[in-house]
Amino acid sequence: MSDNNRDVISGKAIGAVEDASEQRALREHEHYQTLVEHNPHPIAVHSGGVIVYVNRAAIVEIGATSLDDLVGRPITDFMHPDSIREITTKLVSLTTDGDFTDAVEVRMVRFDGSVIDMEIVSVRTKWRGALAYQVIFRDLTATKAAEQAIRHQVALVATVSDAIIATDSAGTVVSWNPAAQSIYGSTAVEAIGCPVAEVLGAPMNLRRRVGKPAESVVHYAKDGTPRMMRLAVSEMDGGYVVVCSDNTAQIEAETKFTSVVNSLQEGVLLISQDGLIESANPAARRMFESEQRRAAGSTAERITIVDLNGIPIPPQNWPSQIVTATHKPVIDAIVGFDRLDGSRVWLSCNGFVLSPNDPDHSSVVISFTDVTESRARAARLEYAADHDMMTDLPNRSYVLRRLTTMLENRAAQHDSGSIDVVMYIDLDKLKHVNDSHGHRAGDRALIAVSRRLRAALPAPHFVGRVGGDEFVAVLIGADEEDMEDISDDIHLLLLDPIEINGEEFRMRTSVGIVRIRDGEKRTAQDIISDADTAMYQAKLRGGGHTVEHDKAHPSREFTPAAIKLVR
């Protein structure tokens, strides 16, 4: 502060101190106290730059506890440095008692050091005969907050993407924000003063719309373009506020998205947290035969879903429920269900939450593709890879793989007490059929033989074709009696005449046998080779024989009763 300003505040440059009697000063003090003590506005008096009086409202406003906290202290202790120069200039302009300043906005320092915005009016007066200034304060905190709020509201109205339009009670536009101009194409100058229905391009009864939920409406821009809007109306200051949210882009995007989803060959379901189907595209309705089921009194929600083994899947394990419970996507889950005609459909399903940011309340999207034909194709290819296409029996690859699995299972067992048996079967007379009637006749003989072998070896036993006229039969869990009985049945069944081109043939066979016991060390290929060796020994004996191969008896022969009957 300059020396001149201090002189003003201290009263040294304002005028000489008037000499007055103590009685007169006392009367003046009582007069001030009567006037201001109970005034609701904070009032202070300073003389010579020192506070000489404050009323109760000022004590509260400044944050002090009593009069003693303030009286006697320099007035500048409670003035922000940024405001001292302006206040001093105002005081210098007061030349006569009773003169007062215009209201001045200043920053004051409270007793605790905090700064507060105030509006003050200073009046030139006397205090005990000396020049003094009475200051009347008004707290601007609430006013400033209100102004700030208004500025924020004005800024919000100017920057929001919604059209915010104010009208008078007759529906004439009195305010038109920039978003309204952007949406409807009319400037504020063009819109203000016009009926709101005219600038929005749609009839509107504002009074009836007040307080009702926002509704979807169609408005028309200045150039006639339709706009899909959400409309809400409120009353304000004898008029109305109309808020219009432009949903045109969203609705167009939703329409396009719906068109795309509806055109997909892939089925799409939207499923609620409760497991209810909220929507289904046409492909999904076709796959689940929704219309036919509804006509039959059933619904897609009641379809039984099965796993790859045909076992019904409980609802809590459905892909949609797994996604709901875990919030994690399900990828390529294969499930099946039965059509109304009894055929089974297989679907590859993918699932994910619709709203990842709020998975606890999100619906689930399930998309699925009909893989029935592709699975059938794969099954056919897999079947063809493992079976002989002419006889429909398992081929050599399948027999070896199945036998390997059996050996692995045996290795994990100890002292099971059971045995398995491998029989290598060779037809003795097939070449004669081929030579005398051609290969087509030979094929017919092979088909007939395969059917008879399949009949002689019911599950769990099985038989496969491993060569031109060679077969391998595997007896699972057989004993000595089973082995000889089945060998006997095979010889007997094949001796039953087969008619080809009007001629009957008896298909004698040679059989080699190998037993498999616990602790078996040979591979599947080793076992089949040993059975092949035993079969060759049987063939060397003239055919129609069975020879067993094992370590104790490398070529033990036994002749089944069926052979004895025809010799």
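Every value quoted in this text rests on a predicted model; they were computed, and no experiment measured them. The figures here come from the full heavy-atom set of this structure, side chains too, leaving out hydrogens, waters and symmetry mates.
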- Message: A cation-pi test, strictly: NZ or CZ of R402 under 6.0 Å from the centre of the six-membered ring of F462 and no more than 45 degrees from its axis. Yes or no?
- Response: yes
- Message: Listing request: all salt bridge (Lys or Arg N to Asp or Glu O under 4.0 Å) pairs with a residue in residues 455-476, at least two apart in sequence or in separate chains.
- Response: D388-R465
- From OG (S450) to CG (L393), nearest 0.5 Å: 4.5 Å
- Message: To the closest 0.5 Å, what do you measure between OG1 (T369) and CD (E266)?
- Response: 4.0 Å
Nearest non-hydrogen partners of [X] and [Y], listed with the distance:
X	Y	answer
A456	L493	CB-CD1, 3.4 Å
A384	M389	CA-CE, 3.5 Å
L347	M287	CD2-SD, 4.0 Å
D426	T509	O-OG1, 2.7 Å
S510	D428	OG-OD1, 3.0 Å
A538	V511	CB-O, 3.7 Å

- Item | Residues E548 and R515 bridged, charged N to O under 4.0 Å | yes
- State whether R209 and E215 are salt-bridged, where the test is any N-O pair (Lys NZ or Arg NE/NH1/NH2 against Asp/Glu carboxylate O) under 4.0 Å. yes
- Message: Ring centres under 6.0 Å, that's the criterion: do F337 and F288 meet it?
- Response: yes
I want to check something: taking the side chain as every heavy atom from C-beta on, are [X] and [Y] in contact at a cut-off of under 4.5 Å?
X	Y	result
V466	Y424	yes
R522	V514	yes
N247	R227	no
V472	V422	yes
L430	L446	yes
I425	L453	yes
M423	L475	yes

- Message: What verdict does the side-chain hydrogen bond (donor to acceptor under 3.5 Å, both in side chains) test give for N395 and S397, after you've listed the backbone C-alpha separation in whole Å, the side-chain angles of each residue and the deciding distance to 0.1 Å?
- Response: CA-CA 6 Å; N395 59 18; S397 173; 4.6 Å; no
- Check the pair I527, L407 against side-chain contact (heavy atoms from CB on, under 4.5 Å), reporting the backbone distance first and the verdict last. CA-CA 10 Å; I527 291 170; L407 292 171; 3.8 Å; yes
- Query: Is it true that the side chains of D526 and S529 contain a donor and an acceptor less than 3.5 Å apart?
  - Reply: no
- Let me see the working for D420 and M406 under side-chain contact (heavy atoms from CB on, under 4.5 Å), right down to the final yes or no. CA-CA 9 Å; D420 298 325; M406 289 172 55; 3.4 Å; yes
Within a reach of under 6.0 Å around [atom1] of [X], are more than 12 heavy atoms found that belong to other residues, nucleotides or ligands?
X	atom1	value
E373	CD	yes
R401	CZ	yes
R380	CZ	yes
H327	NE2	yes
R440	CZ	no

- Item | Side-chain donor/acceptor of D488 to backbone N/O of D485, under 3.5 Å | no
- Task: Mark yes or no for whether W176, through its side chain, and S186, through its backbone, hold a donor-acceptor pair below 3.5 Å.
- Result: yes
- Task: Might you work through the side-chain hydrogen bond (donor to acceptor under 3.5 Å, both in side chains) test for T372 and D370, ending with a clear yes or no?
- Result: CA-CA 6 Å; T372 307; D370 188 340; 2.6 Å; yes
- Before giving the answer on side-chain contact (heavy atoms from CB on, under 4.5 Å), spell out for V421 and I516 the whole-Å C-alpha distance, their side-chain angles and the decisive distance to 0.1 Å. CA-CA 6 Å; V421 176; I516 303 172; over 6 Å; no
- Task: Check the pair Q525 / L403 against side-chain contact (heavy atoms from CB on, under 4.5 Å), numbers first and verdict last.
- Result: CA-CA 9 Å; Q525 183 60 59; L403 192 53; over 6 Å; no
- Mind checking what makes ring-ring contact (aromatic ring centres under 6.0 Å, His included) contact with H387, not counting sequence neighbours? Y383, Y398
- Checking side-chain hydrogen bond (donor to acceptor under 3.5 Å, both in side chains) for the pair E278/S363: CA distance, chi angles, key distance, verdict? CA-CA 9 Å; E278 295 179 333; S363 298; 2.9 Å; yes
- Intermediate values then yes/no, side-chain hydrogen bond (donor to acceptor under 3.5 Å, both in side chains), S487 and T546: CA-CA 8 Å; S487 174; T546 296; 3.0 Å; yes
